[in-house]
Each structure stands twice: as C-alpha cells, then as structure tokens.
J.: 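I'd like to ask some things about the structure below.
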There are 2 protein chains.
Amino acid sequence: MESTQDIVKKISDAGLKITPQRVTVLQMLCKLKNHPTADELFAEVSQILPGLSPTTIYNTLDTFVEKGLIKRVKTDADVMRYDAITDHHHHLYCAVSDRMEDYFDPELDRILSDYFNKKQISGFSVSDIRLQLMGDFNENNKN
Amino acid sequence: MESTQDIVKKISDAGLKITPQRVTVLQMLCKLKNHPTADELFAEVSQILPGLSPTTIYNTLDTFVEKGLIKRVKTDADVMRYDAITDHHHHLYCAVSDRMEDYFDPELDRILSDYFNKKQISGFSVSDIRLQLMGDFNENNKN
DNA sequence: AAGTTAGTTTGTAATATTTACAATTTAGAA
DNA sequence: TTCTAAATTGTAAATATTACAAACTAACTT
Ligand SMILES: [Mn+2]
Ligand SMILES: [Mn+2]
Ligand SMILES: [Zn+2]
Ligand SMILES: [Zn+2]
C-alpha cells in the first residue's frame, strides 16, 4: 500500500535526511496495524537492520512525532504507542487484551463537530475530538 | 465536600482495611482536581503522613483501581494519572500545558449512546465511550 | 481488653522505559 | 570528491514502576 517511494518522500518533505533507519521505522510502523510500542518496533526493525540502537528508535519516533509524520497514542497500560495514521480517526480499545484498532467514522465526526459548534465550552476551545471506544473484540464469536 | 466518613465508608465497602495511608490518599485524590500522578500524590500525602513510602502510593492506587474506587487516566505525556471521579465523564486536555479537566455532558452522552445503539461496529461491542477534547484553556482571555 | 492473624506498609533492590551525552558515522550539499 | 550539519551509536543516567521480604497494624476472635 505505502511504497518505499512514498515513505522516502514523506521523510524528505519533512526536511529530514533519508536514512535506512528512518525509512525502515516508518515503513514498519505503516505495516504494523497494532499501534506498536518503541520496544516492539525495535525488535521488528532490528531484524532488518541488525546493530540498530534502541536510542535511534526513540530519537526517530520523537522526530517523526515532532514533524507530524506519526502520532503518539496511549492506552490504559503504561507504555507509549505509535500510530502511522495521522488522519483524524478514533480508536477501539479492549482493556483486557490491550488491543487497539483504528475506527474511522465521518458521519460521527459530523455529528460531533456540529454539536460542539453549537455548544461552546466556557474557558476552553476545542481543536480536536478523540473518541476511545472501550469494549471487547468479539474474539469468541468466531464460528 | 467528601467527608472523611464517606472516604472511610468507600474503602470499607470495597472490603479493604482502613489505614491512615489509604484514607489520606483517597482524600487527597478527591481534593486535587488536576488528575495527579503517583509522584504528585506522594509529595502531598507525605506532608500529612511523613515517612510514607512511595511503594505504598503505588500499591494503594493499584488496589483502589482494582476495586473501582478510582480510575486511571492518560494524557499524551508519559506518566499515569489518577482520577477520583468514577462516574462516567470526559476530559478536556491541552497538550501544551498538559492540563486536564473533567467534562460532564449528559446531552452528549445521550447522542453518542443513541448513535452507537443504531450503528453496530462489526467485531466489537462498545461498553464505554470516552471523549478526549483536545484544545486550549483560554488562559489568556482573563480580563 | 488482650491475642491472633491476614492484610498492609515499608525499605531496598530490581526492572522497565526513556533520556542525556559524547564519539563516530553518514547523507547530501557544494 | 570534499565538507559539514545531521544522524546514529553505545554507554550511562534518569525516571517510573514493580518485586519481595521483614516489620507492623487493623480488626476479628476470644
Ligand atoms: Mn516512563
Ligand atoms: Mn514505566
Ligand atoms: Zn490509530
Ligand atoms: Zn476526570
């Protein structure tokens, strides 16, 4: 889906130098849909680039977040996770399995932005509305 | 607002022993509206109970979460925060100041639960809808 | 009221995650 | 090809949290 060309262009457009580490990290983050942690990314990218330093993972992710190429996401658990999808979206999250999936819903977004256009919150101006839908992935109902 | 009697009853009803540490932690968490971290709680509660161990803060908070007396909340920053309000509510959050405030809105909740009653998400059953309203507290507009 | 004990707290050490920093390497401009 | 700012690496430090065993205590029993 996301070609190496696109990846390279994204990094380049952000004014960053193209390095194997950066390309591979971003590529891996695009491929993994599970909102991985720095540690998970380190494990995956290490297989492609042996000798990779954990520091590079943290540096790279921070830089990408700073440049808006990726986003941080958090769950109820303790570790930071990362998301290659920067377009506005929400998350389905199961606290038991700590599994998190993307949820896109333009109709819902319309309803919410209409609502908050009418209803002003005193002392606070809303710039982004993020939903976390808590629940269960029906991993049983697999007949 | 929240009397010591109430605090004690809450802890007791959860099947836990009443200790000065637990009473003071829960009392402090009720008083502080800023969704404090374990560290902030340790600092505050230490003033009342000198000799308090950080471990006790972590133990106590974990126990309270387990028993449903308090909730964990997360921001985009790295540290876990805690919330004495267990009733359903949402959060206003400013990423710049890392400030987080409670937001109650039954009308919105109605709209959302109506929406998700109609619109089923395949493979996922929603049990709780949490909004994080990103934005700015208008800390300038103080004339 | 004293005795008993399971539950709680404490202190220390370990783990996990993340950051700081200086030396080395490298991408990409000149 | 040369040069340099930027990036990566390795190590050590900081931060946040957890594990664990000894000491203590709330509250039940007598
Ligand atoms: Mn941390
Ligand atoms: Mn941690
Ligand atoms: Zn996502
Ligand atoms: Zn809250």
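In the text below, chain A, chain B and the rest are named by the order of the sequence lines, each starting its count at 1.
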J.: Please determine, for the side chain of B:Tyr58, which listed nucleotide (C:dT9, D:dA16, D:dA6) has the closest atom?
T.: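 Nearest to the side chain of B:Tyr58 among the choices is D:dA16.
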
J.: Just the rounded figure in Å: distance from P of C:dT10 to CG of B:Asp62.
T.: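 Going from B:Asp62 (CG) to C:dT10 (P), I get 15 Å.
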
J.: Which whole-number value in Å describes the distance from A:Phe64 CZ to D:dA6 C1'?
T.: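 Distance check: A:Phe64 CZ to D:dA6 C1' gives 14 Å.
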
J.: Check whether the side chains of B:Asp105 and A:Tyr115 place a donor and an acceptor atom closer than 3.5 Å, and report yes or no.
T.: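 Their side chains do contain a donor-acceptor pair, which is all the 3.5 Å distance test asks for.
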
J.: Please determine, for the side chain of A:Leu16, which listed nucleotide (C:dT10, D:dA7, D:dA26) has the closest atom?
T.: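 Of C:dT10, D:dA7, D:dA26, D:dA7 is nearest to the side chain of A:Leu16.
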
J.: Looking at D:dT9, C:dT18, C:dT9, which one has an atom nearest to any side-chain atom of A:Ser53?
T.: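 Minimum distance to the A:Ser53 side chain belongs to D:dT9.
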
J.: Say whether A:Thr4 and A:Gln27, considering side chains only, have a donor N or O and an acceptor N or O under 3.5 Å apart.
T.: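 There is such a pair between these side chains.
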
J.: Name the closest nucleotide to the B:Met80 side chain, picking from D:dA7, D:dT17, D:dT9.
T.: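 That would be D:dT17.
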
J.: Which whole-number value in Å describes the distance from B:Leu52 CG to D:dT25 P?
T.: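 Whole-Å distance recorded here is 14 Å.
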
J.: Nearest of C:dT19, C:dA27, D:dA26 to any side-chain atom of A:Ile18?
T.: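 So the side chain of A:Ile18 is nearest to C:dA27.
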
J.: From CZ of A:Arg22 over to C1' of D:dA6, roughly how many Å is that when rounded to an integer?
T.: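 Whole-Å distance recorded here is 8 Å.
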
J.: Is there a donor-acceptor pair under 3.5 Å between the side chain of B:Arg130 and the backbone N or O of A:Met134?
T.: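 No: the side chain of B:Arg130 does not pair with the backbone of A:Met134.
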
J.: Heavy atoms from C-beta onward define the side chain here; which of D:dA26, D:dT8, C:dT18 lies closest to that of A:Val79?
T.: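 Nucleotide nearest to A:Val79's side chain: C:dT18.
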
J.: Taking NZ from A:Lys17 and P from C:dA27, how many angstroms apart are they, rounded to a whole number?
T.: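 Taking atom P of C:dA27 as the reference, NZ of A:Lys17 is at 9 Å.
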
J.: Would you sort out whether B:Asp83 and B:His89 count as a side chain to side chain contact (heavy atoms under 4.5 Å, CB included), showing the intermediate values?
T.: CA-CA 11 Å; B:Asp83 194 338; B:His89 68 285; 3.0 Å; yes

J.: Which comes earlier along DNA chain D counting from the 5' end, the contact point of A:Gly51 or that of B:Pro54, where each point is its nearest nucleotide?
T.: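 Counting from the 5' end, the first nearest nucleotide belongs to A:Gly51.
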
J.: Mind calculating the distance between CZ (B:Phe42) and P (D:dA16) to the nearest angstrom?
T.: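 Whole-Å distance recorded here is 13 Å.
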
J.: Separation of B:Leu41 atom CG from D:dA16 atom P, in whole Å?
T.: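 Computing the B:Leu41:CG to D:dA16:P distance gives 13 Å.
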
J.: Using a 4.0 Å heavy-atom cut-off, does B:Asn59 contact any base of the nucleic acid, only the sugar-phosphate backbone, or nothing at all?
T.: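 Base contact.
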
J.: Which nucleotide in the set C:dT9, D:dA26, D:dT8 lies at the smallest distance from any side-chain heavy atom of B:Gln21?
T.: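 Shortest atom-to-atom distance from the side chain points to C:dT9.
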
J.: Could you please name the option among D:dA27, D:dT17, D:dA7 that lies closest to any side-chain atom of B:Ala38?
T.: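 So the side chain of B:Ala38 is nearest to D:dT17.
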
J.: Can you tell me if B:Thr19 touches the phosphate of C:dT8, counting only side-chain N or O atoms and a distance under 4.0 Å to OP1 or OP2?
T.: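 So the side-chain polar atoms of B:Thr19 never come under 4.0 Å of the phosphate oxygens OP1 or OP2 of C:dT8.
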
J.: In this structure, how many angstroms lie between the C1' atom of C:dG11 and the CD1 atom of B:Ile57, rounded?
T.: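 Rounding to the nearest Å, CD1 of B:Ile57 and C1' of C:dG11 are 15 Å apart.
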
J.: Going by atom types alone, do A:Asp102 and A:His91 pair a side-chain donor with an acceptor below 3.5 Å?
T.: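 There is such a pair (donor and acceptor under 3.5 Å, judged by atom type) between the side chains of A:Asp102 and A:His91.
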
J.: Out of C:dG11, C:dG28, D:dT17, which nucleotide sits closest to the side chain of B:Thr55?
T.: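 Output: C:dG11.
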
